[in-house]
Amino acid sequence: MGWTRRWIIIAFWVVVACLGLPYWIWTTSIHRSHLPLGMMNSWAEGKACQMSYPLHIRLSAPDLGEQAGSLLAEGVMRRMNELTDLQLYTFKLSYNDSLPTSTERDWDLLVLLSEEQNTNPEASLRSWAPVLDVRYDPNSDTNTLATFISQEVRTVFEYEHESLTYLLNDTPYATGKDTTSSLEGKTRLDARTTRAFKYASMYHLTFSLFTSSASPSSWDVDEALNKYITPLLQPLSKISKFTINTQVQLHASFSPSIAGPMHDATSGKWLLQKTDLSGFVNAAEWPLSPSIGAGPTINFVLYVPSVEQSPLEIAETGGTSWLVPQWGGVQILNPSDMQSATLSAGDLEQVMLTFADHLTALVGLPPSPQSLALRLSSLTRERATSLILSASSTLGALARLTLKLTSISIPDSVAKSVDETIARLDQACLDLREGRFDSALSNARIANDEAERAFFEPSMVGQVYFPDEHKVAVYVPLLGPMAVPLVMAALKELRKLRAAKLKSA
Amino acid sequence: MKLSFLLALPTTLLTLLTPTLASPEYNEHLHLIPLSNEYLYAGFNFTSTTSQSAYRANNYRYFPRSLGQILQYSRASELHLRFALGRWDEETWGARPRHGRREGGTGVELWAWIDAEGGTEAVEERWSALVNSLSGLFCASLNFIDGTKTIRPVLSFDSEGTSRSTAGSKQLLLHGTLANEVVCTENLTPFLKLLPCKGKAGISSLLDGHKVFDANWQTMSIDVRPICPASDAECMIEVQQTADVVLDLERSMRPRDDPIPRPQPIAEIECDEGKHYHGGDTCYPKRKQGAKRWSLSKVFGSPVIGSCHLSERNDGEAEEKWDISLEVPSEHIVEASAMQDSLTSDDQIRLYRLSESRTQRSDLSLPHQYESGSRLRPQPALYATRQITGHGQERGGMHAVLRNPHPYAQQIIYLETLPWFLRPYMHTLKVNHRFNSTEDKSARPVDVFLEKIFYTPAIDRSRATKVEVMFTIPPESTVELTYDFEKAVLRYTEYPPDANRGFDIAAAVIRVLGSIKGLGREGDSYIRTTSLLLPLPTPDFSMPYNVIILTSTVIALGFGSIFNLLVRRFVLVEEIPKGPLAGLVARVKVGLGKLRGGKGEWAEGAGGAGGAGGAGGAGSANRAHEDAAADGEARRAGQTGVNGRVGEGKDGLTNVERKDR
Amino acid sequence: MRLLSLPTPLLAAISLPSLSDATHTSNWAVLVSTSRFWFNYRHMANTLSLYRTVKRLGVPDSQIILMLPDDMACNPRNTFSGSVFNDKSRELDLYDQKPDTPTQESAEGGDIATESETSETTPQIMPAGIEVDYRGNEVTVETFIRLLTDRWPASHPTSKRLLTNSQSNILIYMTGHGGDSFLKFQDAEEISSHDLADAFAQMHEKGRYNELLFMIDTCQANTMYESFYSPGVVGMGSSARDQSSYSHHADQDVGVAVIDRWTYYALEFLETRLNSTSADVRLGELFDFMTFDRVHSDAGIRADLLEGGEEAARNRRVLDFFGNVQGVDVEMGDGGRESLGDWRADLEALRRIGERTKREMGELNVTVGAGSKVSAREAGADRSVLPAMRVEGDVLDMAASTGGSGWLKKAIGGTSLLLLGAAWVAGSKMR
């Protein structure tokens, strides 16, 4: 009899415990997939990878003997690696007197030695090949030559090393002491980084012709681009892809927020104040909307003032072109007297060259050394480094985020991307250390993309804040009246049990 | 008929012109018609073309770059986008301009032919890319056009473009509507930005949000289509932007700083002496005769500024080649300032060309005319209305009436997009007609034979219903199309913030096939009904916690009683050993009862219940229920002259003992 | 000396403007009105006034995110259709100020005139047109949080995203009906200060802002920024806890109040003091301008999160948040010239190299001219597939969570009920 009641109560409690609670927990819990926080943090703190850049320099001297050449190579290599201010690099020199064909490239710099009677050694860089020509006097001794060469090579890589250390500075990857030389150099690097776009695997180039009057209403842009821009884009496209689009806009007026050009009677010119340049581009009316698709848009604006308002110049410098950091370039083309409806490729030459100049600055091509090929390869290294840095910092951010916001849900896709990121980062780091810079870049790129995707996962929006008093308001009316009878009944039964025990005892 | 041909100009004439287009070209045109009742129709038309090669190479000149990029990104070969506001009054204004081909239902309407390569999924992805980027471009929430608002019409729309059919390049037509979208200045701004002259010069300088959106009827359209001449000359891509407005002359000519109509001083009102009560103190205002005086600068707020002549115009005297054409009777006086004018061959339409200067302000002004300006407008192909019938929160009916005023039969296609929460019963679909002449409405209407029906049922929360019916309306008769539907109940989160306003049902699109008149595709005309508001049952959003508390209390009650029934035992009072306290209480109560007498009897019962409660001790939560129950019992007992006494059970259980007195 | 010549002159150009803010290259504005319906006209007007101001001060439309939950300009109740006014003088139409004389001369119109000056000059300084990024039912708490944290499906248009980086300052202005540390959206849902704080924290983690000025005009506004904890955030509010913030005045013809006090005076300050893009006005002056007898409530600020505390905040230029502080690098004309000469040579060589490699690689790489465009189109094509696919994914996920697992839950719920019933039956049998 009494047992029936007990069974009933027990049954109720069983149901509550075995069904109610799990169900309640299951419905109210948020899905958070497991993230390798330890790995992520170790990347963020720079423990996971030690940056170093082995450079393979190839010495080639047709008219120097085999062992003499290798001797020279060793000498140079010793001197190079003794250099304290290029500690990020490790140099590996090899000697090979056969001239390499341009297809296979397993070296970063080729030093071509050529004899020249009784001259003190001199060196020059080829501007579009990673080749350093050294002319030396055959009867000068190897040591001086080696010192000379090492000095030359050093100058070649000095700037890059500086900017690399600048990149690594005040990141966890920073290598001990800061070797960024002067304040002057620092400001220059500051300027360069603020000017250049963040790295993207795809840039959209928009060339726009704005005319304040109705003419010129067209331009021979295709030919001009093919002649002056695309040759530059081709080597750059190893680092990121580019799309090109152009447009013509007539009756373009200045933005109302600037004073507008003032006519200077003495010179008969129209002058723009430098303060007005930032507001020159009439963002409100000129259709410079960013292009569709991933990647930033680089704008190149060619402005043709009306004949009445030309020549138009910048007051202080008398220049006609300027560059807007992380946005694009602007060039004023003062109409020639014989105003034609279309601008020929010839008219556009100087404009396009300026734009090419701007473009290199905007994609962050280092200004030195002089050889474009070398600058490209050093850009590859810099980009790879910065990508690794940003990816690992993103990982750190994600890790901290997941710990901080406990109410946010973490779908499995995030975990997957994170794993992918870490794998790629390892790969990239390895590539870097082994001097495969191109593949390092591509790996770092993927790593960065994956990290971004993980962080910006659309379904990871934290649920709207739900304060505790609301929870009370929801649960109390439901659980209160149901829990009390259960608890009371249970207590009473227990008391009775004890009473019964006492009686029996 | 000539007139309606003119109204169809943009389509007809351009298809005639296209073979001659070679270089990228732009021209703009404004067509003005004074309508009856002091209304003015103004149809703006901006057309620019570019060669396909330049388009593919992303070299844009007059073709808007932003639009071109979107189209290439989403691989749409032909695009039609509509923003519409207000209602075209067929009864008084006659046939719609441009055969209704350049207007949309209220809100936003969009249909496009998209590259079908890669299967349905790919197409849907392109479509979503298209609507999203368009929403960014036109500041409209087009991104709400998802699967639940997208349909695939079969009969209603034909591709306007002529493209060289390259093998394997299949195009898919998708159509979406946003009936609840408000069209306003932020949609006009990007519209103007697409124009080469940005609304600063030429007729586009007349387009001012304040006037355009003060209109009785207004629609903006953007149509992109490829045009391939029959000869193997290069294909062109044409973008045509039109903005049609019907302005109330009276209202639009009010000063902008004070648009509120105020009573005129009596002195300025001219009275109608004809009235018998006319006197010094009473005045019946005379109805104005003839056409109002108006001028462009007054109606649009500013004169036309300069001109936007970009392409070297080959002076074919086709109307399109002129900037403005005005349709008034030849006897009317029109003062044109700074414009070169001319007449069409049949001197029905006056043509004006703006001067080349950029700052020159030109204006058209019509002084007050004594005979009414509006000439007879051509009759519309159909009169169409649509209503929701029925009442209540659960069911309703749709009822569309199509009246054919013409002496010939007309073949039409009736297209409806219904949201998923409106569930039509297709078995109740009835289409029948009766002749306009028949007097007695009791005459049983004749069923109409439905030649074709394309019907896609909705899927909850993922697909809309599409109803596409093709039938013929007999001459001079009225067709009624009716069906019943059921209203679904939405989830709490699915209601918009203003759910009580109701849910918009997109306009029905009616295509009148011109083929029956032998006009072919160009003869087709479109008519759209007004959109509808569907009221759905809406919960009280303001206080969710009340709902929670109420429901959980009910649950708790149920649970509590069941539980108590299970775990408690019912016994007779005799079996209850009287505790000292209880006995005392009972005695006191008996005393009280004696004092009161008659009525006291059931008060005693009540008191007893109270006492029991008081003596209850532990477990008062559920005891309370029991007391209440017992109390109720006691009352009833008392009222039926039966006295109940209540005792205290050993485990707090009470019951009622009955005995006669 | 081709590119070497580039940076050295640039130094001059760079160093001059970048002294004040070397870390700050772009300005963004997020302007949100959170209340629907006609009688909240003033909130729309508040937001639009701010929109006009930042636009006037040169922030491009692509960097202004404007959220309007309802349409006032074309509202049937609006007598002045197509217009929204923030003052009963109705001099300035906030929605679309069409210049009276939109000729080129006037567009370049001389020096900047302030709004309080003659109404002829007012239209000219106001850029015509308006671009609303989020409107109607799009304006929800979720949208706002997504906007801040930039968590969007891939097909989301660029113009509707907040594409900031660690070098951009953000101005966030919110107005609506609020209470103690919450703000109502469209009278249907609330955003709480904790949500905002967390969103800012995420932005900070990802380096999505350099400094952030948060302005809010609502009742008990100051409670909204109390729970912020991310560095670099400056908060400004219109009223203290348990204080209402009031509307300034009503327009009889419009029929409702047209602007709130706090915003009104903020505007007055901005219009009178910042009448050109080169005006050097500090944030502190703006703080001090909001006195009690102006605003009729205790306008508050919070600057302790900013490095340097309140002093630093007071010394920030107002244009660091309201204007477009875009540095420009001006090249020396001559330097440019001779470098261009070398460029010509270089490009020549590059072209030759390009042709050679083309000959060598043959099919491998077409010239970038065609190549890039082709790749662009292909990329465009398959990108138009891929991201969209992700969108679909999300949609499906949602469907699943609402549909699939929903059913599961229903089933489980049902079984648990059944079991309860069974237990009861069993119990009643047993006695």
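Just so it is clear: chains get the letters A, B, ... in the order the sequence lines come, proteins before strands, and each one is counted from 1. All of these numbers come straight from a predicted model, not from anything done at the bench.
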Is Arg161(C) salt-bridged to Asp150(C), cutoff N-O under 4.0 Å? yes

Can you tell which of Lys160(C), Glu138(C), Gln186(C) has the highest number of heavy-atom pairs within less than 4.5 Å of chain B? Glu138(C)

Under a plain distance cut-off of 3.5 Å, with no hydrogens placed, do Glu186(B) and Tyr95(C) share a side-chain donor-acceptor pair? yes

Asp71(C), part contacting chain B, at a heavy-atom distance under 4.5 Å: side chain

Side-chain H-bond candidate by donor/acceptor type, Ser35(C) with His43(C), under 3.5 Å: yes

Contact origin within Asn137(C) toward chain B - heavy atom pairs under 4.5 Å: both

Can you find a side-chain donor-acceptor pair between Ser74(B) and Trp127(B) that sits under 3.5 Å? no

Find the one option among Ser83(C), Ser81(C), Gly136(C), Ser159(C) whose heavy-atom pairs under 4.5 Å with chain B are most numerous. Ser81(C)

Heavy-atom contact with chain C under 4.5 Å, split by part of Asn143(B): side chain

Asp460(B), part contacting chain C, at a heavy-atom distance under 4.5 Å: neither

Chain C contact via Lys211(B) - which portion, at a heavy-atom distance below 4.5 Å: neither

With the threshold set at 4.0 Å, does a side-chain nitrogen-carboxylate oxygen contact exist between Lys55(C) and Asp61(C)? yes

With a 4.5 Å limit on heavy-atom distance, are the side chains of Leu188(B) and Leu192(B) in contact? yes

Are Lys88(C) and Asp251(C) close enough for a salt bridge, meaning some N to O gap below 4.0 Å? no

Measure Arg90(C) against the heavy atoms of chain B and call it side chain, backbone, both or neither at under 4.5 Å. side chain

Val183(B) versus chain C, heavy atoms under 4.5 Å apart: side chain, backbone, both or neither? backbone

When you check the side-chain N and O atoms of Asn500(B) and Thr538(B), is any donor under 3.5 Å from an acceptor? yes

Phe37(C) portion near chain B, given a 4.5 angstrom heavy-atom threshold: side chain

Measure distances from Ser133(B) to the heavy atoms of chain C and classify the residue's part below 4.5 Å as side chain, backbone, both or neither. backbone

Contact class of Phe138(B) relative to chain C, heavy atoms under 4.5 angstrom: neither

